[in-house]
4 protein chains.
Amino acid sequence: MLDSAGQPDVGAGKRGRPRSEQSHAAVLRATSELLHEVGLRSMTTEEIAARSGVSKATIYKWWPNKYAVAVEAFLSEMMAESHDPHTGSAATDLRIVLRGLVNFYTESNGRVFAELIGEAQFDPAVRTELHKHLMISHRDLVKTVWARGVATGQFRADIDPDDAIDVLIGPLLYRRLLGQPHLDGTAADTLVDVTMRGLSVRL
Amino acid sequence: MLDSAGQPDVGAGKRGRPRSEQSHAAVLRATSELLHEVGLRSMTTEEIAARSGVSKATIYKWWPNKYAVAVEAFLSEMMAESHDPHTGSAATDLRIVLRGLVNFYTESNGRVFAELIGEAQFDPAVRTELHKHLMISHRDLVKTVWARGVATGQFRADIDPDDAIDVLIGPLLYRRLLGQPHLDGTAADTLVDVTMRGLSVRL
Amino acid sequence: MLDSAGQPDVGAGKRGRPRSEQSHAAVLRATSELLHEVGLRSMTTEEIAARSGVSKATIYKWWPNKYAVAVEAFLSEMMAESHDPHTGSAATDLRIVLRGLVNFYTESNGRVFAELIGEAQFDPAVRTELHKHLMISHRDLVKTVWARGVATGQFRADIDPDDAIDVLIGPLLYRRLLGQPHLDGTAADTLVDVTMRGLSVRL
Amino acid sequence: MLDSAGQPDVGAGKRGRPRSEQSHAAVLRATSELLHEVGLRSMTTEEIAARSGVSKATIYKWWPNKYAVAVEAFLSEMMAESHDPHTGSAATDLRIVLRGLVNFYTESNGRVFAELIGEAQFDPAVRTELHKHLMISHRDLVKTVWARGVATGQFRADIDPDDAIDVLIGPLLYRRLLGQPHLDGTAADTLVDVTMRGLSVRL
DNA sequence: CAATAATCGAGACGGTACGTCTTGTCTTGGC
DNA sequence: GCCAAGACAAGACGTACCGTCTCGATTATTG
């Protein structure tokens with residue numbers, strides 16, 4: 001018989017009670033709320049359990065600690081990605097895309113994001129996950145626009161795209177994480193502009 | 001932090017037993033060791049007390065928590081600052097100075113530094129102290145060289161020096177805190193070079 | 001015994017798959033082993049399930065908790081009962097029978113037995129089961145011999161047999177459960193002897 | 001005024017904050033209450049902490065687990081001991097003293113006592129403590145009366161006092177721990193009477 | 001030199017989160 | 001319908017660290 005759900009899988013039956021997707025989702029939702037309400041550090045596993053109605057044991061069964069839960073919760077909440085604007089001018093596209101990133105860093109999400117980066121300095125797993133699932137998608141977006149600019153001759157072709165991205169995103173993140181003058185849209189535009197033009201006097 | 005230079009024998013002296021400079025120093029020394037051995041997070045106040053021979057109560061009398069101790073210990077240990085090289089070429093100077101920063105970020109100190117930045121995402125006091133005593137001195141060094149380059153016509157005069165510094169330091173720190181391809185001297189040189197020349201094709 | 005391992009195709013009786021006698025036996029066997037290896041308290045339901053290959057759900061379907069399983073496992077293992085010796089002298093018979101009990105209390109089984117009595121102080125069901133299936137058979141054995149001694153005029157006829165048994169068994173069990181000088185065969189003989197003769201000086 | 005320096009103390013000064021007798025007492029009091037309200041097994045360390053206002057950490061600092069606390073709480077509450085009645089007749093004294101024990105086993109305390117004995121079957125420390133502090137004082141009381149009876153010629157001189165005590169107390173405790181017909185004063189009197197007279201027919 | 005005051009080392013304490021463990025129930029799919 | 005596998009809720013366990021709080025012992029200034 002066929003399963004109406006049309007599972008494309010191997011069908012080699014999994015035995016035992018399947019993992020409750022409901023619990024899984026409830027944990028992520030509760031964690032997301034707590035991340036915004038009290039922050040990464042003050043959020044406790046106990047509270048996640050209480051609010052989600054999922055037992056602590058179950059949480060620890062699927063995640064090694066609250067930081068892993070936080071990363072997954074944060075990422076799963078961010079499926080609304082900014083997309084490539086395609087205005088015709090690669091420079092304009094770049095500015096729009098980077099503005100999008102700045103918004104992301106700055107919003108309510110931004111605090112959580114900063115805290116996760118903070119935690120990543122202590123926990124390699126957080127660092128890896130964050131990089132793999134978040135930074136890479138951010139970078140890929142910039143990379144696409146960058147490639148277009150190179151193709152149209154607007155951006156320099158002799159630069160490693162990864163380096164280009166580092167010099168574009170780096171200053172923005174630096175301001176976000178350590179800057180005393182806080183990051184906003186205008187500041188971001190200025191920084192991007194400076195980076196595009198370069199610091200040296202043109203010969 | 002208070003100005004501790006004016007400590008002894010000022011006329012209207014304080015009554016009671018004076019603060020033990022010996023204890024103060026012992027705490028900082030022990031903290032420094034622990035920072036390198038086990039890291040900021042795993043280091044406990046209790047262990048600082050045990051190792052320094054100073055009681056916990058005394059530590060809490062002079063610092064609000066272990067992070068404050070860590071910041072002071074870290075800063076007090078870093079008196080060996082890189083200085084302005086003055087080679088004649090501002091571009092070369094800049095490269096040398098930034099290499100010095102990268103070394104700092106990368107060394108044994110670098111891990112502690114990264115952890116402190118991580119902690120700063122949760123604790124505003126750490127952020128403030130770090131900025132005030134560390135970032136500013138780093139930035140000032142770059143700023144001096146930058147000003148010289150502007151004066152000699154090598155660097156653009158129409159850029160806010162703070163912005164210039166952000167775009168120079170930002171990518172380096174970004175690589176250090178989040179980069180999967182780790183930061184080293186060569187990578188730093190490349191990034192600085194890209195930043196100096198700019199991303200746009202010059203007309 | 002019936003061959004219950006045979007195919008369940010008899011048709012008569014209940015619908016559905018019948019209870020697996022094999023599982024039943026496996027649970028008791030595994031429990032018995034665990035009782036001796038780790039003791040009543042440290043033995044877990046999970047471990048019984050794992051070792052017997054019977055699922056926890058099945059165990060809980062047939063027994064209310066691990067203590068009930070333990071009682072049944074313990075009792076089912078003890079079919080090798082001491083029997084009435086019938087030497088001719090009731091006094092000798094009594095001594096032999098009580099020695100048998102002491103051996104039982106003292107052997108490897110003895111620890112499990114003591115733990116079950118311990119558990120009985122918390123769980124009335126354990127107490128009841130233990131009493132019904134174990135203590136009564138022990139007492140019955142003594143009672144038979146006692147009756148013979150009364151009939152032959154060796155033992156006092158004016159004593160309630162149950163009281164007689166209490167004063168005979170009580171001291172032995174007391175030593176087993178709480179005595180610092182541990183119970184052994186010689187000690188048992190002495191206690192029985194004292195009880196038989198009485199504590200008062202004979203008039 | 002007294003010279004504070006002239007303390008006639010033990011000298012070896014205790015350093016640090018002294019143990020809080022108040023906390024100690026509060027823990028024992030709360031534990032006592034809980035023992036009577038919910039029993040040994042259902043009582044939790046957490047609840048002791050909550051009710052006494054003493055933190056769990058402090059409890060675990062001074063006792064290895066809740067059973068140790070329970071033993072101490074139980075014992076400390078029982079300083080009101082039954083005393084030697086000294087009526088003139090050793091037999092009467094014995095009966096009174098044993099009645100006292102039976103009352104103890106039977107009262108509200110009795111359930112806790114039985115549970116502690118139950119627990120002692122699993123935990124050697126409980127067994128030792130119970131024996132050392134409770135059983136011995138019980139036995140000593142009986143032993144005193146016994147010695148008097150021997151001296152006055154009422155009780156047999158050729159019996160080891162410890163054996164005598166075992167055969168007197170054993171049956172009572174046996175009834176308490178396992179007897180289906182529960183222990184009461186009359187039953188106790190009967191058992192003692194039987195033990196005193198002995199089971200054998202006197203020649 | 002005595003009184004006053006603030007400091008110090010030691011370590012007990014309340015609070016709170018941690019991550020683990022066990023119990024007994026529930027949910028799959030296979031037989 | 002029975003069962004093995006195994007996920008799940010509930011909640012106690014004992015540990016760890018934090019920051020506060022006694023103690024009694026020092027060590028200065030001040031009268």
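The closest side-chain heavy-atom distance from C/E72 to C/H24 is below 4.5 Å. Using a 4.5 Å heavy-atom threshold, the side chains of B/W62 and B/V69 count as separate.
Closest to the side chain of D/R15, out of E/dA6, E/dA10, E/dC21, is E/dA10. Distance from the side chain of A/S55 is smallest to F/dA9 among E/dC13, E/dC8, F/dA9.
Within the nucleic acid shown, B/K56 comes within 4.0 Å of at least one base atom, counting heavy atoms only. Among the atoms of the strands shown, none is found under 4.0 Å from any heavy atom of A/W63.
Using a 4.0 Å cut-off between a side-chain N of Lys or Arg and a carboxylate O of Asp or Glu, D/R41 and C/E119 qualify as a salt bridge. The pair D/E115-D/R111 meets the salt-bridge criterion, with a side-chain N (NZ, NE, NH1 or NH2) lying under 4.0 Å from an Asp/Glu carboxylate O. Note on C/R51 versus C/E46: no salt bridge recorded, every NZ/NE/NH1/NH2 to OD/OE distance being 4.0 Å or above.
Atom CD1 in B/I59 sits about 15 Å away from atom P in E/dG11, given to the nearest Å. Between the C1' atom of E/dA17 and the CG atom of A/L34 lies a distance of 14 Å, rounded to the nearest Å. Put simply, CE on D/M43 is 9 Å from P on F/dC13, counting in whole angstrom units. C/K66 places its NZ atom 9 Å from the P atom of E/dT22, with the value rounded to the nearest Å. Atom P of nucleotide E/dG19 and atom CG of A/N65 are separated by 6 Å, given to the nearest angstrom. Atom CD of A/E21 is separated from atom C1' of E/dC26 by 17 Å (rounded to the nearest Å). The OH-C1' distance, from C/Y60 to F/dG6, rounds to 14 Å in whole Å. Following rounding to the nearest Å, D/Q22 (CD) and F/dC23 (C1') show an atom-to-atom distance of 16 Å.
Positionally, the nearest nucleotide of DNA chain E for B/K61 lies more toward the 5' end than for the other of C/P64 and B/K61. Of the two residues contacting DNA chain E, namely D/T58 and B/W62, the nearest-nucleotide position lying further toward the 5' end is that of B/W62. Nearest-nucleotide mapping onto DNA chain F: of D/A57 and A/G16, the residue sitting toward the 5' end is A/G16.
For the contact set between residues 44-54 of chain B and DNA chain F, defined by any heavy atom under 4.0 Å, the members are B/T44, B/T45.
Ring geometry for B/F113 against B/F74 counts as parallel: the plane angle stays under 30°, on a 0 to 90° scale with 60° as the upper cut.
Counting only distance, with no hydrogens or angles, the side chain of B/S76 and the backbone of B/A73 share a donor-acceptor pair below 3.5 Å.
OP1 or OP2 of F/dA9 sits under 4.0 Å from a side-chain N or O of A/S23.
In the interface, the side chain of A/R17 is paired with the base of E/dC26 through a donor and an acceptor atom under 3.5 Å apart.
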